**Q** 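One structure, as structure tokens, below. Some questions next.
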There are 2 protein chains.
Amino acid sequence: MSQEGRTRRRGKELERAIFEATWAELQEGGFAAVTMERVAKRAGTSKPVLYRRWSSRVELLVNTALHRLPDADSVPDGGTLRDDTVNLLKLMRQRLLSIGREPMLGILTEVVRNPEVNKKVFRHLIGHLRALMTDVVLKRAAERGEIEPEDLNERLKTLPFDLVRSEFILTGAVPDEAIEEIVDTVFLPALAGRKLLRREARGPADAAGASPPERSGGPGAGDAPDLV
Amino acid sequence: MSQEGRTRRRGKELERAIFEATWAELQEGGFAAVTMERVAKRAGTSKPVLYRRWSSRVELLVNTALHRLPDADSVPDGGTLRDDTVNLLKLMRQRLLSIGREPMLGILTEVVRNPEVNKKVFRHLIGHLRALMTDVVLKRAAERGEIEPEDLNERLKTLPFDLVRSEFILTGAVPDEAIEEIVDTVFLPALAGRKLLRREARGPADAAGASPPERSGGPGAGDAPDLV
DNA sequence: AGAGCTTAGATACGAGCCGTTTCTTACGGA
DNA sequence: TCCGTAAGAAACGGCTCGTATCTAAGCTCT
């Protein structure tokens, strides 16, 4: 793995090699087993090269994870709210699995203590996919007449994500059946039931009603790739 | 903090002092800052004493967390499914907060790699409270005639827990408003909506119907205190 | 009360890691 | 071709984990 006899890599090429080495170490030994020295050796370079790019081990790990995230800027139109939601959740799954359970937990743990990064992660954990939900999936559904704005509040909008995240954190996987069950036996029934209950009660809806546009700008409005 | 001039502690007394020291270190510096040496010093003892009780740092941390968990073997009867569920979720919150967000994440991270402990934690993360849900809250609700068995499937039963856990992991807190929102705008509507949708469809219910008794024994059937 | 066994507590060790410093040398742009 | 930038090697101080060794305190049993 030494650099002997090979031409020196630089810039992005070297960086990519380091990300790959980090990821390989992560897979083999887990979050705790990733050490700067091992990564450097595996990438055929040395520690100072790593520290010139990232100020700490955590920094390297976070950026390695972000680097692996596939893009997610649209949701295929499935024709119904049901299928759009399923598609969106499959997209979320793809992103979650591209990082993996243990790295995700490790990153969350290390990041909690840093309010700034924590806020950023928090925003990204929720913001991006939620924007797709609001600006694409629910918009389509409203245009189709499947839902009315008052049927939804903030918690209902993030409900499918919360459940997929829970599944992922507990089991490390999100099978198709789980996604469909979440949509078919929780999300859609909750929407229907809420409509029903609101009609029965005839009371003013809770704070959900005419919710202000909370996150304009749509997906991609952030200043860094999303963590999920 | 040295032991000079004090009478030596032994057994449970010493153990309690170590747990307290560990917890204090956890509060002050976070998961990563808890070292065996600092804990030993703070507890007025030394490393070998720690290693005689726990085989590793993680072992100590996990057991410190478990040690802090308040008991939870019943749910006050609120008279309705709604209030019982709120009560149960408040109990869950109490348990979550007794450990805290970062320690919880840290423990999960470290434990994921150990299939045995992972399974145990997984079971405890879900099992105990879920048993209270099934054996107390839902039983009462059925006796009151509020629900029928076919209204529920596994996912719906754990739904409130999943959402509270999500809230806790993302924000580190679970305010009363969150609990009530979860129950009033998700859980109860989902039950109502499911009933409604099943009636409309007239199809056979999904696998929810006559679910077998999956966890007999009720709360306390485990072999260790629950993690949540 | 005394003997003996258990276990607390002090100290030191090897191995490994983090993050830094110093230095040499390859490479690429002008 | 020359020179600045950055790669790569080596070593360091400080810290941590987990272990080994030893002394002595105090509980238990007679």
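Each chain gets a letter, A, B and so on, in the order the sequences are listed, and its residues count up from 1. This is a predicted model, so every value here is computed, not measured. As a basis for the values below, the full set of heavy atoms in this structure was taken, side chains included, without hydrogen atoms, waters or symmetry mates.
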**Q** Classify the nucleic acid contact of A/Arg52 as base, sugar-phosphate or nothing, counting any heavy atom under 4.0 Å across all strands shown.
**A**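 Here A/Arg52 touches the bases of the nucleic acid.
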
**Q** To the nearest Å, give me how far apart CD (B/Glu110) and P (D/dC17) are.
**A**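 Value for this atom pair: 11 Å.
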
**Q** Give a yes/no on whether any side-chain N or O of B/Thr45 is located under 4.0 angstrom from OP1 or OP2 of C/dA8.
**A**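 Looking at the OP1 and OP2 atoms of C/dA8, neither is under 4.0 Å from any side-chain N or O of B/Thr45.
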
**Q** Within the modelled atom types, does a donor on one side and an acceptor on the other bring the side chain of B/Lys47 and the base of C/dG9 under 3.5 Å apart?
**A**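 Side chain to base: no pair present.
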
**Q** So, is B/Thr35 near the phosphate of D/dC15, with a side-chain N or O under 4.0 Å from OP1 or OP2?
**A**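 So the side-chain polar atoms of B/Thr35 never come under 4.0 Å of the phosphate oxygens OP1 or OP2 of D/dC15.
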
**Q** Within the structure, does a side-chain N or O atom of B/Arg53 lie under 4.0 Å from either OP1 or OP2 of C/dA8?
**A**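 Result: yes.
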
**Q** How many Å lie between CD on B/Glu25 and P on D/dC17, as a whole number?
**A**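 Distance check: B/Glu25 CD to D/dC17 P gives 11 Å.
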
**Q** Just the rounded figure in Å: distance from C1' of D/dC27 to CZ of B/Arg8.
**A**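 Between C1' of D/dC27 and CZ of B/Arg8: 12 Å.
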
**Q** Compute the ring centroids of B/Trp54 and B/Phe19, then answer whether they are less than 6.0 Å apart.
**A**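 Centroid separation for B/Trp54 and B/Phe19: below 6.0 Å.
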
**Q** Can you measure A/Glu37 atom CD to D/dA9 atom P for me and round it to whole angstrom units?
**A**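 Between P of D/dA9 and CD of A/Glu37: 11 Å.
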
**Q** Figure out the CZ/P separation between A/Arg10 and C/dT25, and round it to whole Å.
**A**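 Rounded to whole Å, this separation is 16 Å.
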
**Q** How would you label the contact of B/Val34 with the nucleic acid (heavy atoms, under 4.0 Å): base, sugar-phosphate, or nothing?
**A**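 Sugar-phosphate contact only.
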
**Q** What is the nucleic acid contact for B/Ser56, judged by heavy atoms within less than 4.0 Å: base, sugar-phosphate only, or nothing?
**A**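 Touches sugar-phosphate only.
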
